[in-house]
2 protein chains.
Amino acid sequence: MPPNKHSPALSSGSASVQDYVKVIYSFTEWQDEPISSSQLANRLGVANSSVSEMVRKLVELGLAIHEPYSAVELSDEGRRLALAMVRRHRLLETFLVQELDYAWDEVHDEAELLEHTVSDTFIERLSAKLGYPHRDPHGDPIPDAHGTVDIPQAHQLAILDAGHTGRITRISDSNPALLRFLSAEDIGLDDHVEVIGRKPFGGPVVVRVGTAGRDRELDLGDEAASALWVFSDKPHAGCALAT
Amino acid sequence: MPPNKHSPALSSGSASVQDYVKVIYSFTEWQDEPISSSQLANRLGVANSSVSEMVRKLVELGLAIHEPYSAVELSDEGRRLALAMVRRHRLLETFLVQELDYAWDEVHDEAELLEHTVSDTFIERLSAKLGYPHRDPHGDPIPDAHGTVDIPQAHQLAILDAGHTGRITRISDSNPALLRFLSAEDIGLDDHVEVIGRKPFGGPVVVRVGTAGRDRELDLGDEAASALWVFSDKPHAGCALAT
DNA sequence: ACAGTTTTTTCGGCATGCCTAAATTTATCG
DNA sequence: CGATAAATTTAGGCATGCCGAAAAAACTGT
């Protein structure tokens, strides 16, 4: 056993370790399949070989589970750490928007850096100051201090069949430009959506969106339609591409 | 010339570089002598050899001026960077105390970490939110966004002669335990002080302190008396040890 | 001024995390 | 099945910052 306490509670690990663990976790937050090495490399912007190395380290640290040549999964310990990081990230984003008047699309990168630096004390005081929020500005659920999250049932707009109606529960924050576009189109969290259909040959998705009565029809490209997650009005929202 | 723009404005440098520059600067903020290698090593908690290396790098980066075997000084560029870091540190401390209810003695370490991570945007928004403060919770002056500071005329209580009276302008934040002691003794910023004298054989300094009318006499050990800086009521406060 | 002490610098080494290039394993398809 | 393609891992290197030990320079006191 390396210089590693029995159950390191949340003794973090380096910023890199935290990043890896968070990405591994996030990959399965709204989907299911565990992440592969190259997907990890992609999301982290590092070479595949770096991932191999680091994953070995994560396994040594007891944070990940990994059979050579197969997907990477988190141990309970790893998931705890990941959830702590996700909590940090989302609370920081909420803080930046609510207290420092950051725009929607500006918060991600700043939070990405800060999450490795702030102390647990900082995070808990922040949470208190913000009124113990459960959802961040993009609609992502904020785990509580013990690592409990509830992940709302939601589907990407891109995979919903025509006719579906629902509410936008979450908007992926991974592309700031896309967030600016959505903001310009006045599409926001909790807006109503109705899927009208899809233009032929993989064309844009046509939807009707809007807050309250003010709704309008518009075309959404694939990236936009994938970034929008909707909580369907139909209880058992089937969706075409569900495999 | 290394991969270094002409006048990198404030393109920071690594956290280490920032720390070195800040310590070099801080050393002369209230005194005058430039800092020596071993003093630098001491304050940074690193080996002398590490300092030699890093100082060479600082010179390469155009941040420091250094003749072998003599003290280290900052270039204009280095001073700019140092002031930016000091600004960050002090604004962060102010924020932690005012907005997140940190105690006086808890803020230093957290700010020390955060100052390397937050963006300029963050700092400017924070400054606005706090109402553009000029003094941090320990009384240290906060440089403005352009790197202008005014450093109040102040002397360490430890070196003032008997009879001096003044106001506590600044309380060094380098020792949290000492801050807790002072807080327990109810000694705070802007309190009035009168130096009564010094007990024999390098004994404690006897002072009379207090807010408004509620003042009392007490003995202060050398460390405490050195941490307290007072703005003297006498215009040309002479002091015994001034050399 | 010069022998001894102190300060500073130089010299290899180490750890972390990243890279490219070269194996190696796994997957795919005729 | 086997050849080729794709994914993964190993091997060797690089940069940053740190260290201890040893060499070099700078202060000391008599």
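Nothing here was measured: the structure is a model prediction, and the numbers come from that model. In what follows, every chain begins at residue 1, and chains take the letters A, B, ... in the order their sequences are listed.
- Taking atom OH of A:Y69 as the reference point, atom P of C:dA23 lies 13 Å away to the nearest angstrom.
- The shortest distance between the side-chain N/O atoms of A:S16 and the OP1/OP2 oxygens of C:dC18 is below 4.0 Å.
- For A:H66 and D:dT9, the shortest distance from a side-chain N or O to OP1 or OP2 is below 4.0 Å.
- Side chain to side chain, B:S174 and B:S172 meet the donor-acceptor criterion of an N or O pair below 3.5 Å.
- Taking atom CG of B:L44 as the reference point, atom P of D:dC18 lies 8 Å away to the nearest angstrom.
- One atom, CG of B:N48, and another, C1' of C:dT8, lie 7 Å apart when rounded to the nearest Å.
- Taking the ring axis of B:Y102 as reference, the NZ or CZ atom of A:R125 stays within 45° of it and closer than 6.0 Å to the ring centre.
- Listed by residue number, B:S36, B:S37, B:S38 are the residues of residues 29-39 of chain B with a heavy-atom contact under 4.0 Å to DNA chain C.
- The shortest distance between side-chain heavy atoms of B:S16 and B:K57 does not fall below 4.5 Å.
- Here A:Y20 does not reach the OP1 or OP2 of C:dT16: none of its side-chain N or O atoms lies under 4.0 Å away.
- If you take CD of B:E67 and P of D:dA25, they are 15 Å apart, rounded to a whole angstrom.
- As judged by a 4.0 angstrom heavy-atom cut-off over every strand, A:A47 is placed among the base-contacting residues.
- Proximity of A:S49 to the phosphate of D:dT10: no side-chain N or O atom is located under 4.0 Å from OP1 or OP2.
- In this model, no donor atom of one side chain and acceptor atom of the other lie less than 3.5 Å apart for A:S50 and A:E53.
- Ring pair A:Y20/A:F27: centre-to-centre distance not below 6.0 Å.
- Side chains of A:D140 and A:H89: a donor-acceptor N/O pair is absent below 3.5 angstrom, by distance only.
- Proximity of B:S26 to B:V23: side-chain heavy atoms (C-beta onward) are nowhere separated by under 4.5 Å.
- Remark: A:S52, A:R56 in residues 50-59 of chain A come within less than 4.0 Å of DNA chain D through at least one heavy atom.
- B:E106 places a side-chain N or O within donor-acceptor distance of the main-chain N or O of B:A103, the cut-off being under 3.5 Å.
- Between B:E33 and B:T28, every side-chain heavy-atom pair lies at or beyond the 4.5 Å cut-off.
- Between A:L40 atom CG and C:dC18 atom C1' there is a gap of 15 Å when expressed in whole angstrom units.
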